[in-house]
A.B. asks: 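The structure's right below; bear with me while I get my questions together.
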Amino acid sequence: IPGHPIAYWLRPAIRAIFKECTSIGSESNSRKGMVTANNEIYVMGWSEVSFKRIGFSFTNNEQASKSDVKWVPYLKGGDYRRWYGNQDYIVLWENGGEKIRNTMHPTENRIHATNFNLDYIFKAGITWSDIATSNIGFRYTPQGFIFDAKSPTAFGFKDAMCALGALNSKLTNHLAQVINPTVSFQVGNYDSLPHLKCSDPEKLRAVIEELIEISKKDWQSFETSWDFGKTPLASMNSHSLQAAFDEWSSTCLALTNKSKYLEEENNKIYIEE
């Protein structure tokens, strides 16, 4: 096992996975995120500034540098959540991050902030929260984000949907606990994970895309999301608040059951493999 952790209790079939599979680090490019060195100045909740000053759709830093916006979306880890979400923060990135990239350390002859990852910021990828007290939740991240040290991110997958399905499977979570049983799952631990193969990628891709869509709708249904439109209760075809709430509850239950079924399908693919 990469790093040689002591895991004598593993069954031979589980140990064989490490021999038979390439590492996921060889199939993607993972990066530790930025350290601003002063979050009180550079990081805010998205609702704390004018919405017009936030740039949501940049694909590279050149676009950000030429724009007149002051803030961009910032991934900062967060609670356990799979598939999509934890998009709460923004980071000061005026003129392509001019201030944060040039502010000197108060006592040392170096730039205070680190890990700018200019070749990777704003690209779509797969992220996770560095601190995980139990299971690890991997999430799809669309283009337009800078990522923090607490939200390391991986890029360059040949098939990101299949990779996300493998990463969020129970099998990978079990392997992750073997590689690093502590609460901090870092880039090196991610790179050591086996890259699980799937014999039916087309089927898996459809499952994962639907799971992302369900998680995305859930995230956007609350006012804490910058994509929030209106309360789900107002979307119900009902004539009373009680009836609207009952309809919304039924809808949520149906989506929960659908998500559970799809996750079981995802797990089944890798358990049977």
Side-chain angles (χ1 to χ4, degrees), residues 45-47 51 54-59 72-90 122-129 132 134-148 151 153-154 157 159-170 172-173 201-269:
W46 68 268
S47 58
F51 203 69
I54 307 174
F56 288 100
S57 57
F58 297 130
T59 59
V72 297
Y74 192 51
L75 297 173
K76 204 172 181 302
D79 296 334
Y80 170 72
R81 186 179 178 90
R82 288 183 293 187
W83 312 115
Y84 190 91
N86 284 3
Q87 300 169 9
D88 301 293
Y89 297 97
I90 53 176
F122 302 123
K123 290 184 177 182
I126 293 177
T127 190
W128 67 95
S129 300
S134 55
N135 296 335
I136 303 171
F138 292 89
R139 298 175 293 278
Y140 171 71
T141 300
Q143 67 182 34
F145 288 81
I146 293 178
F147 51 103
D148 182 86
S151 192
T153 306
F157 298 95
D159 192 326
M161 295 298 101
C162 289
L164 182 58
L167 287 167
N168 274 336
S169 68
K170 285 188 175 181
T172 292
N173 184 72
E202 188 172 342
K203 175 185 176 181
L204 177 62
R205 201 174 297 120
V207 168
I208 302 310
E209 287 175 353
E210 191 168 0
L211 278 166
I212 291 174
E213 190 60 28
I214 291 173
S215 183
K216 183 177 181 180
K217 286 181 179 179
D218 173 69
W219 181 258
Q220 294 175 350
S221 68
F222 295 94
E223 293 181 9
T224 50
S225 167
W226 53 61
D227 290 310
F228 175 80
K230 61 182 179 180
T231 173
L233 293 177
S235 303
M236 300 296 108
N237 187 26
S238 303
H239 300 291
S240 70
L241 183 59
Q242 180 64 56
F245 179 79
D246 291 342
E247 185 179 350
W248 177 61
S249 296
S250 297
T251 300
C252 290
L253 180 60
L255 287 175
T256 299
N257 290 335
K258 180 67 173 179
S259 181
K260 180 181 177 182
Y261 167 77
L262 291 170
E263 290 190 348
E264 288 174 350
E265 287 296 299
N266 179 57
N267 286 322
K268 197 181 300 181
I269 288 172

A.B. asks: Considering residues at least two apart in sequence or located in another chain, which fulfil the side chain to side chain donor-acceptor pair (under 3.5 Å) criterion with Thr127?
C.D. replies: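 With sequence neighbours excluded, Thr127 shows a side chain to side chain donor-acceptor pair (under 3.5 Å) to Ser151, Thr153, given in chain and number order.
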A.B. asks: Sequence neighbours left out, what passes side chain to side chain donor-acceptor pair (under 3.5 Å) with Asn173? Give chain and number order.
C.D. replies: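 For Asn173 the side chain to side chain donor-acceptor pair (under 3.5 Å) partners, ignoring immediate neighbours, are Asn135.
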A.B. asks: Where is the tightest heavy-atom contact between Ser215 and Trp83, given as atom of each residue plus distance?
C.D. replies: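 Smallest heavy-atom distance, with atoms named: CB-CB, 3.8 Å.
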A.B. asks: Check salt bridge (Lys or Arg N to Asp or Glu O under 4.0 Å) between Lys217 and all other residues, then give those that pass, not counting sequence neighbours.
C.D. replies: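 Per chain and number, Lys217 pairs via salt bridge (Lys or Arg N to Asp or Glu O under 4.0 Å) with no residue.
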A.B. asks: Taking the side chain from Trp46 and the backbone from Thr224, do they hold a donor-acceptor pair closer than 3.5 Å?
C.D. replies: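 Confirmed, Trp46 side chain pairs with Thr224 backbone.
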A.B. asks: Sequence neighbours excluded, which residues qualify as side chain to side chain donor-acceptor pair (under 3.5 Å) partners of Asn168?
C.D. replies: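 Residues passing side chain to side chain donor-acceptor pair (under 3.5 Å) with Asn168: none at all.
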A.B. asks: Using side-chain contact (heavy atoms from CB on, under 4.5 Å) as the criterion, list what pairs up with Ala163, not counting sequence neighbours.
C.D. replies: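 Once residues adjacent in sequence are excluded, the partners of Ala163 under the side-chain contact (heavy atoms from CB on, under 4.5 Å) criterion are Ile126, Phe157.
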A.B. asks: Could you work out, with ring pair (Phe, Tyr, Trp, His ring centres under 6.0 Å) as the rule, every residue matching Tyr84, not counting sequence neighbours?
C.D. replies: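 Result, ring pair (Phe, Tyr, Trp, His ring centres under 6.0 Å) vs Tyr84: none returned.
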A.B. asks: What pairs with Ser259 under side chain to side chain donor-acceptor pair (under 3.5 Å), at least two apart in sequence or on another chain?
C.D. replies: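 Ser259 satisfies side chain to side chain donor-acceptor pair (under 3.5 Å) with no other residue.
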A.B. asks: Name all pairs fulfilling the salt bridge (Lys or Arg N to Asp or Glu O under 4.0 Å) condition that reach into residues 201-213, sequence neighbours left out, sorted by first residue then second.
C.D. replies: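 Residue pairs with at least one partner in residues 201-213: Asp159-Arg205, Lys203-Glu265, Glu210-Lys258.
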A.B. asks: Quick test of your reading of the model: are Arg82 and Glu263 salt-bridged, counting only N-O distances below 4.0 Å?
C.D. replies: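 Looking at Glu263 together with Arg82, the answer is yes, because their closest N to O distance falls below 4.0 Å.
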A.B. asks: Taking only residues two or more places apart in sequence, or in another chain, which ones meet Ser47 in a side-chain contact (heavy atoms from CB on, under 4.5 Å)?
C.D. replies: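 side-chain contact (heavy atoms from CB on, under 4.5 Å) check on Ser47 returns nothing, list empty.
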A.B. asks: Under the ring pair (Phe, Tyr, Trp, His ring centres under 6.0 Å) rule, collect the residues that match up with Tyr74, sequence neighbours excluded.
C.D. replies: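 Listed in chain order: nothing, the list is empty.
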A.B. asks: Considering non-hydrogen atoms only, spot the tightest contact between Ser235 and Lys230 and give its length.
C.D. replies: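 That would be OG-CE, 3.3 Å.
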A.B. asks: Is it the case that the side chain of Asn267 and the backbone of Lys170 share a donor-acceptor pair, with hydrogens and angles ignored and the cut-off at 3.5 Å?
C.D. replies: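 Such a contact is found between Asn267 side chain and Lys170 backbone.
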A.B. asks: Ring centres of Tyr89 and Phe145 under 6.0 Å apart?
C.D. replies: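 No, they do not, as the ring centres are separated by 6.0 Å or more.
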A.B. asks: Asp218: which residues meet the salt bridge (Lys or Arg N to Asp or Glu O under 4.0 Å) condition with it, sequence neighbours left out?
C.D. replies: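 Salt bridge (Lys or Arg N to Asp or Glu O under 4.0 Å) list for Asp218, sorted by chain: Arg81.
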A.B. asks: Determine whether Arg139 and Ser129 satisfy the following criterion, side chain to side chain donor-acceptor pair (under 3.5 Å), listing intermediate values before the conclusion.
C.D. replies: CA-CA 9 Å; Arg139 298 175 293 278; Ser129 300; 3.1 Å; yes
A.B. asks: Sequence neighbours excluded, which residues qualify as salt bridge (Lys or Arg N to Asp or Glu O under 4.0 Å) partners of Asp227?
C.D. replies: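 Once residues adjacent in sequence are excluded, Asp227 has no partner under the salt bridge (Lys or Arg N to Asp or Glu O under 4.0 Å) criterion.
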